[in-house]
Protein chains: 2
Amino acid sequence: MAKVTIRDIARLAGVSKSTVSLVLNGRPRVDPETRAKVLQVMAEHNYVPSVAATALGKRGGSPFIGLIVPGLTWRIVASINYGIASVVERSKYEIILYTSTNDRDYSGVVDRVLGANLVSGLLVVNHNQPMEPLVELYGAGLPVVLINTLGVHSDLPSVESDSYAGARSAVAHLLELGHRRIACVQGPPQFPCCVNRNKGYTDALTHAGIAIDADLIRPGGFRPQDAYRHTVDLLCGPDRPTAIFAHNDPMAYAVLDAVDECGLRVPDDISVVGFDDIVSSAHVRPPLTTVRQPFEEMGAQAAEMLLSALSYESGPPRHVRMPTELAIRASAGPVPRRRRRVPKQPADLHHAIGPKLTDAMYTSDASSPSTGLDPAGTLSTKPSG
Amino acid sequence: MAKVTIRDIARLAGVSKSTVSLVLNGRPRVDPETRAKVLQVMAEHNYVPSVAATALGKRGGSPFIGLIVPGLTWRIVASINYGIASVVERSKYEIILYTSTNDRDYSGVVDRVLGANLVSGLLVVNHNQPMEPLVELYGAGLPVVLINTLGVHSDLPSVESDSYAGARSAVAHLLELGHRRIACVQGPPQFPCCVNRNKGYTDALTHAGIAIDADLIRPGGFRPQDAYRHTVDLLCGPDRPTAIFAHNDPMAYAVLDAVDECGLRVPDDISVVGFDDIVSSAHVRPPLTTVRQPFEEMGAQAAEMLLSALSYESGPPRHVRMPTELAIRASAGPVPRRRRRVPKQPADLHHAIGPKLTDAMYTSDASSPSTGLDPAGTLSTKPSG
DNA sequence: CTGAAAGCGCTTACAG
DNA sequence: CTGAAAGCGCTTACAG
């Protein structure tokens, strides 16, 4: 396993290191025969250039792309990453994985990226931190692409999905099914994606000639507890809605639970629509009708944007918005002909909600609000022993 | 953003590059005052050493750990990765992410790893490819740790979960609930994890004085279709079981579907237990009782093993088997007092199963058996201690 | 305890 | 078209 270097190849091919370097980099001015010889020797000896040396020699351009993700447990992030990897794999770049779970980690990550000149570009998934450090890096010439940004928007190149159109299609679907009283259980109102989802909701209603009823709009924080509470409240209140649109799938699950807890049935009494289409949404009962975000495609798109920024002179920042798609399943049905009374009023709401909230999905979603993400569980890195 | 180098720091601190390097590496023989001065200058200028140069200078040891994963979409892999990242983050290493989706990608990955001297160590998740390339790398001195290996087993250091104990606890739970006729819907019989799960099943029954009924053991391939088919067959057959243990959760979902399709109820008529505890298992209806594999902890454990192999002289390969835990939910209940007749026999099995199989979760989990496995036999070593 | 020097494996002008 | 030389930013013996 003695490492074979450029010097070895040069010697064995009877040329200089310079020449080997030229063929290595596919430069034009090399005699075809020489090139062939060198390539043959490289193949014979299974030569692969040292990445570190390559990076050092090329004063600048490293062969790495940094990928900052907020913790890999969120399934949405996993999908995005898959899209990214499928594109980067086909390039000469390698992915360096940074995970940040909070502000502190995040600044550490940026420090490392900043100082080490390690990466040529940066992909940032589900960013929900202060934007300044990234803007600074970008301003200093480091290509950056944001994917599915939460929180504040910026001028940095970005890939998002179309929250507005997605929400609008969800509500349009309910309208087609005959619903007129449609509630909206919202995520954090300061998040742009939620602003857009809410606008899609109100525009769809307005377009159908339905007045907006403020009582049907319930702001929250992507927390299933909130969704649960709002749902119980909506169902027990006067003139209850016949359909509920939730701003993400985990919240929609909480809506389903709340409807169940009140003794009503989905979709016979109440229709429910979510947003994201995380994998489990096809498997809850009833299977959830929801707005699919194209996470893999978003990752791939962002990777391609970054690669092209790395190879050509990059133009102005692009903001790509990808289309969503309505996944129609069983949780939304025709508006009920008659309204059943709420069979039971959850006597002890706290009790009813208690055990469910200890569940991994619920708790971690509550502690890490984001659009559509569905953390897999609480972390305990206790290896045992 | 002019990159500040070790030379700059040396000049500004009034010392030589050598000295800066010494404090950089925490070497002892440096005057405390000098050290303080250098550190201060580094802090003032936000100095971070170039990783490439560091790697080159240290003839050998690169600051990278390779992480080979079979595609990030599998939820299990996401959990494992999170555990890995949480440990590696705290070290001086960075993670380079390689994804392989098939044999071809895999050999490409190994080539890159092999040649470039890029990584100091390798973490391999859910390995299900020929083992030779990895054995060769390991033999050549590259530290490798396998996590949750599928397929064939090797002498390489590894972290698994305890399939045998997990299966045994699942069946013991059913026995406690009064069940006597317990079926087992298996994964691929050649996979060590399935061998162990089946052994846990048979040992639990034998220990309870129950004879093994070969008709209740149904081999398959981690494919939900098989689980579905077997379940229908078991339910419609004579002397049907009162409980079914499935070798992984997606198969358990298919069991739930099949029971539902036959008009029986879980857990009133049939109890169901799975294996894995993937996130959605808490959200199917009824919530699935299943054996939880500690994926995050497994990832963390493996990362720690690799780091220690990188810093100390590594001893003989260790094989760590981590304990599972039974997640008790609603899909398993007391054995029914009386046996209802099967209300309906699925008229067209093909039709019934068709649409479900097009679902993403089913197909991807079916084509990618993602479960833990045990070293066949006796390689057991207790987790670090 | 500290500095001068050589070297890691590559790239890049610069000559020829 | 090709080679000799200098340099990338760090580390590591080796002197002192």
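Residue numbers start from 1 in every chain, and the chains themselves are labelled A, B, ... in the order their sequence lines are given, proteins ahead of strands.
Atom-to-atom, CD1 of B:Ile6 to C1' of C:dG3 comes out at 13 Å; the value is rounded to the nearest Å. Regarding B:Ile9, its CD1 atom lies at a distance of 17 Å from the C1' atom of D:dT11, rounded to whole Å. Between the CE atom of B:Met42 and the P atom of D:dG9 there is a distance of 17 Å, given to the nearest Å. Spacing between atom NZ of B:Lys37 and atom C1' of C:dT2 amounts to 17 Å, rounded to whole angstrom units. Remark: C1' of C:dA13 and CZ of A:Arg29 are 15 Å apart, rounded to the nearest angstrom. In this structure, the CZ atom of B:Arg7 is 6 Å from the P atom of D:dC8, given to the nearest Å. Atom pair B:Lys17:NZ and D:dT11:P shows a separation of 10 Å (rounding to whole Å applied).
A donor atom on one side chain and an acceptor atom on the other are found under 3.5 Å apart for B:Glu44 and B:Gln40. In this model, a donor atom of one side chain and an acceptor atom of the other lie less than 3.5 Å apart for A:His319 and A:Ser158. The closest side-chain donor-acceptor pair between A:Thr19 and A:Ser16 falls under 3.5 angstrom.
Listed nucleotides: D:dA4, D:dG9, C:dT11. Nearest to the side chain of A:Ser18: D:dA4. Set against C:dG9, D:dG3, C:dT2, the side chain of B:Asp31 has C:dT2 as its closest nucleotide. Counting only heavy atoms from C-beta on, B:Ser21 has its side chain closest to D:dT12 among C:dC1, D:dT12, C:dC10.
In DNA chain C, runs of at least 3 consecutive Watson-Crick or G-U pairs, each pair with both distances below 3.5 Å, span C:1-3 with D:14-16, C:5-12 with D:5-12, C:14-16 with D:1-3.
Along DNA chain D, the nucleotide closest to A:Ser16 and the one closest to B:Leu22 are compared, and the more 5′ of them pairs with A:Ser16.
A:Thr19 has no side-chain polar atom (N or O) that falls below the 4.0 Å cut-off from OP1 or OP2 of D:dC1.
Not a single donor-acceptor pair under 3.5 Å links the side chain of B:Thr149 to the backbone N or O of B:Leu146. Panel note: side chain B:Glu160, backbone B:Ile147; no donor-acceptor pair is recorded below 3.5 Å.
Enclosure of atom CZ in B:Arg11 by more than 12 non-hydrogen atoms of other residues, nucleotides or ligands within 6.0 angstrom is indicated.
Residue A:Val20 is out of contact with every strand shown, counting any heavy-atom pair closer than 4.0 Å.
A distance of 8.0 Å separates CD1 in B:Ile6 from OG in B:Ser18, rounded to the nearest 0.5 Å.
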